[in-house]
Protein chains: 2
Amino acid sequence: MGTKGEGNRQRIIDAADNLFYRRGYNQTSFQDISDATGIPRGNFYYYFKTKDEILDAVVSSRVEELSNMLSQCEAETNDARQRLLMFSNMLEDKRDDVIQSGCPIGSLSTELAKDEAELQAISRQAFTLLRDWVKQQFETLGLANADDLAMDLLARMQGATVMACAFKDADFIARSQRDIKEWINSKTMN
Amino acid sequence: MGTKGEGNRQRIIDAADNLFYRRGYNQTSFQDISDATGIPRGNFYYYFKTKDEILDAVVSSRVEELSNMLSQCEAETNDARQRLLMFSNMLEDKRDDVIQSGCPIGSLSTELAKDEAELQAISRQAFTLLRDWVKQQFETLGLANADDLAMDLLARMQGATVMACAFKDADFIARSQRDIKEWINSKTMN
DNA sequence: GTCTATATGTAGATAGAC
DNA sequence: GTCTATCTACATATAGAC
C-alpha cells in the first residue's frame with residue numbers, strides 16, 4: 001500500500017478508464033495508455049496479465065466510484081424520491097461527455113455484447129449496482145414492482161443518451177431529463 | 001447491371017452488414033468478410049477504395065431496406081396510429097438479435113461516436129430516416145410537437161434495447177413494447 | 001519494480017500477374 | 001474482373017537486462 005507500484009497501477013486504471021470511454025475498449029491500445037501515463041507498454045504486464053484484467057480493474061474502479069456517488073446521494077437526503085431525482089440529474093451533469101461519447105456503462109456493455117460475452121458480463125457489474133440501488137429507492141417508497149421501475153428508469157436514461165449522442169443534441173438531454181423527473185414524480189407521489 | 005461484379009459487390013455489402021452488426025465495425029476485418037463470402041481480401045479494393053466506403057455502402061443498404069419496410073407499413077394501413085404501433089413491433093420481432101447484439105443502428109452510432117465523427121455522421125442517415133418517418137406519422141395525427149414525439153419514441157426503443165441487451169432479458173423487451181404501445185395510444189387517442 | 005528489445009500475429013492497403 | 005503476394009503499421013504479449 002502506498003508503494004510506487006500501486007500508484008502506477010492506479011494511474012494505468014484511471015487512464016484506461018478514460019480511454020475505454022472516449023475510444024471504446026477494443027479501440028484502446030496499450031500504446032494509448034502508455035502515451036497517456038508515460039508508463040512504458042511492457043510495464044503493464046507487471047500489473048495485469050492481459051487486457052481483460054485491465055477491463056476488470058476499470059469496471060471495479062467505476063463500481064467503486066459509483067458507490068461513492070450513491071452514498072453521497074444517500075447522505076444528502078433520506079427521501080427516496082429526492083434521491084431518485086438527484087440520480088436522474090446525472091444526465092445533464094455529464095451532458096457534454098454524453099453527447100460526445102455516450103454513456104460509459106451503456107456503450108461499454110453494448111460494445112462487449114458483440115462476440116465478447118465474458119467481457120460484457122464484467123461490464124454488467126456497473127449496471128447491476130445502479131439497478132439494485134434504484135430498485136431499493138422504489139422499494140423504500142413501498143412500490144411493489146420496484147425492479148421493473150428501476151429497469152424503466154435506467155432504460156429511459158440510456159435511450160435519451162443514445163439519441164442525444166447520435167444527433168449531438170444537448171436540448172434533447174435537457175428535455176428528456178425533465179420528462180424523467182416528471183415520470184419519477186408520477187410514480188412516487190400519491 | 002447484373003454483371004458478376006455487381007453480384008460480388010452486393011455479397012460484400014450483405015456480409016459486411018451482418019458482421020458490422022454482430023461484431024461491430026472496428027472488430028470486423030476484411031478477412032472476416034472474405035471468410036463469409038469466399039471472395040479474396042485483395043478483391044475488395046476493386047469495389048471499395050477503403051473500409052469507410054464499405055461502411056457507407058452498408059448504411060445505404062440499411063436505409064433502403066428500412067425504406068422498404070416503412071413503405072410496406074404504409075401500404076398496410078392509412079391510420080398513422082396503427083403505423084406507429086406496427087413500427088414499435090420491431091422490438092419484439094427482432095428480440096433475439098436485439099438481446100445478443102443490440103440495435104444495429106444505435107450500436108453502430110454509439111461505436112462510431114468514439115473518435116470517428118465522420119463515420120458516425122454516415123451511420124446517422126439510418127436514424128434520420130426513422131426519425132422523419134415517425135415524425136410524419138405524428139404530424140398526420142395533427143400533433144404539433146411531432147419531432148419531439150419521434151425522438152421520444154426512438155429513445156424509448158433504444159433504451160429498452162440497451163438494457164435488454166445488457167441483462168439478456170427477453171421479458172423486458174416484451175414489457176417495454178407493451179409500455180411503448182400504451183404511450184403511443186396515450187399520445188394519439190383523444 | 002522498471003524498462004528495452006523483441007516475438008508473433010493480423011490489420012488495412014497496394015502492386016501486379018493473369 | 002479476379003486473385004496472390006506483399007508492404008507497412010500496429011496489436012497483444014514475452015524475455016530478460018538492470
Side-chain angles (χ1 to χ4, degrees), chain A residues 1-20 22-59 108 111-112 114-116 118-120 122-123, chain B residues 1-59 108 111-112 114-120 122-123:
Chain A
M1 66 279 273
T3 69
K4 190 90 187 306
E6 283 309 301
N8 276 350
R9 188 187 142 91
Q10 193 58 47
R11 282 169 60 215
I12 292 169
I13 294 171
D14 290 344
D17 189 353
N18 188 49
L19 286 162
F20 289 174
R22 305 290 166 190
R23 304 193 180 181
Y25 172 75
N26 289 303
Q27 289 301 103
T28 297
S29 70
F30 283 47
Q31 186 62 52
D32 293 330
I33 304 173
S34 173
D35 292 344
T37 56
I39 298 168
R41 274 197 316 283
N43 201 334
F44 296 169
Y45 292 91
Y46 175 74
Y47 301 101
F48 308 97
K49 278 194 282 291
T50 64
K51 194 183 180 185
D52 298 6
E53 287 193 7
I54 299 183
L55 177 71
D56 202 43
V58 165
V59 171
L108 183 63
E111 177 185 1
L112 299 178
K114 297 181 185 288
D115 268 16
E116 293 167 302
E118 310 83 7
L119 300 187
Q120 192 196 19
I122 292 173
S123 80
Chain B
M1 67 276 274
T3 68
K4 189 90 186 307
E6 283 308 300
N8 276 351
R9 189 187 141 91
Q10 194 57 46
R11 282 170 59 215
I12 292 168
I13 294 171
D14 291 343
D17 188 351
N18 188 50
L19 286 163
F20 290 174
Y21 179 34
R22 305 289 166 190
R23 304 193 180 180
Y25 173 75
N26 289 303
Q27 288 301 102
T28 296
S29 69
F30 284 48
Q31 186 62 52
D32 293 331
I33 304 173
S34 174
D35 291 344
T37 56
I39 298 167
R41 273 197 316 284
N43 202 333
F44 296 169
Y45 292 90
Y46 175 74
Y47 301 102
F48 308 97
K49 277 194 283 291
T50 63
K51 194 182 179 186
D52 299 6
E53 287 193 7
I54 299 183
L55 177 72
D56 202 44
V58 165
V59 171
L108 183 64
E111 176 185 1
L112 299 177
K114 296 180 185 289
D115 269 16
E116 293 167 302
E118 311 83 8
L119 300 187
Q120 192 196 20
I122 292 173
S123 81

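Every chain is numbered from 1 and lettered A, B, ... according to where its sequence line falls, protein lines coming before strand lines.
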Given dT2(D), is OP1 or OP2 found less than 4.0 Å from the side-chain N or O atoms of Tyr46(B)? no
Should Gln27(B) and Asp115(A) count as side-chain neighbours, where that means a heavy-atom distance under 4.5 Å? no
Indicate the ring-plane relationship of Phe20(B) and Tyr25(B), choosing parallel, tilted or perpendicular according to the 30° and 60° boundaries. perpendicular
Could you list by number each residue of residues 21-42 of chain B showing a heavy-atom separation from DNA chain D of less than 4.0 Å, or answer none if no residue does? Pro40(B), Arg41(B), Gly42(B)
Test item: Lys114(A) and Tyr21(B) side chains (from C-beta on) under 4.5 Å apart, heavy atoms: yes
Ile54(A) has an atom CD1; how far is it from atom P of dA11(D), in whole Å? 13 Å
Separation of dT14(C) atom C1' from Phe48(B) atom CZ, nearest Å, is 18 Å
Whole-Å distance separating the CG atom of Leu119(B) from the P atom of dG12(C): 13 Å
Rounded to the Å, how far apart are Phe44(A) CZ and dT2(C) P? 12 Å
Counting only side-chain heavy atoms from C-beta out, which of dT2(D), dT14(C), dA13(D) sits nearest to Asn8(B)? dT2(D)
To the closest 0.5 Å, what do you measure between OG1 (Thr28(A)) and CG (Leu19(A))? 5.0 Å
Within the 4.5 Å heavy-atom criterion, are Asn18(B) and Asp14(B) side-chain neighbours or not? no
Taken to the nearest whole Å, CD1/Ile12(A) to P/dA13(D) is 14 Å
With respect to the side chain of Tyr47(B), which nucleotide from dA13(C), dT2(D), dG1(C) is positioned closest? dT2(D)
State, with a plain yes or no, whether a side-chain heavy atom of Ile13(B) is found less than 4.5 Å away from one of Tyr47(B). no
Between the opening five pairs and the closing five pairs of the helix from dG1(C)-dC18(D) to dC18(C)-dG1(D), how far apart are the helix axes, to 10°? 10°
Any Asn26(A) side-chain heavy atom under 4.5 Å of Glu116(A) side chain: yes
Take atom OH of Tyr45(A) and atom P of dT12(D), then tell me their distance rounded to the nearest Å. 6 Å
Could you check if a side-chain atom of Leu108(B) sits within less than 4.5 angstrom of a side-chain atom of Val58(B), using non-hydrogen atoms only? no
Quick one: Leu55(A) CG to dT12(D) C1', roughly how many Å, whole number? 15 Å
With sequence neighbours excluded, residues passing side-chain contact (heavy atoms from CB on, under 4.5 Å) with Glu53(B): Phe48(B), Lys49(B), Thr50(B)
Can you tell me the distance, in whole Å, between the CG atom of Asn43(B) and the P atom of dG12(C)? 16 Å
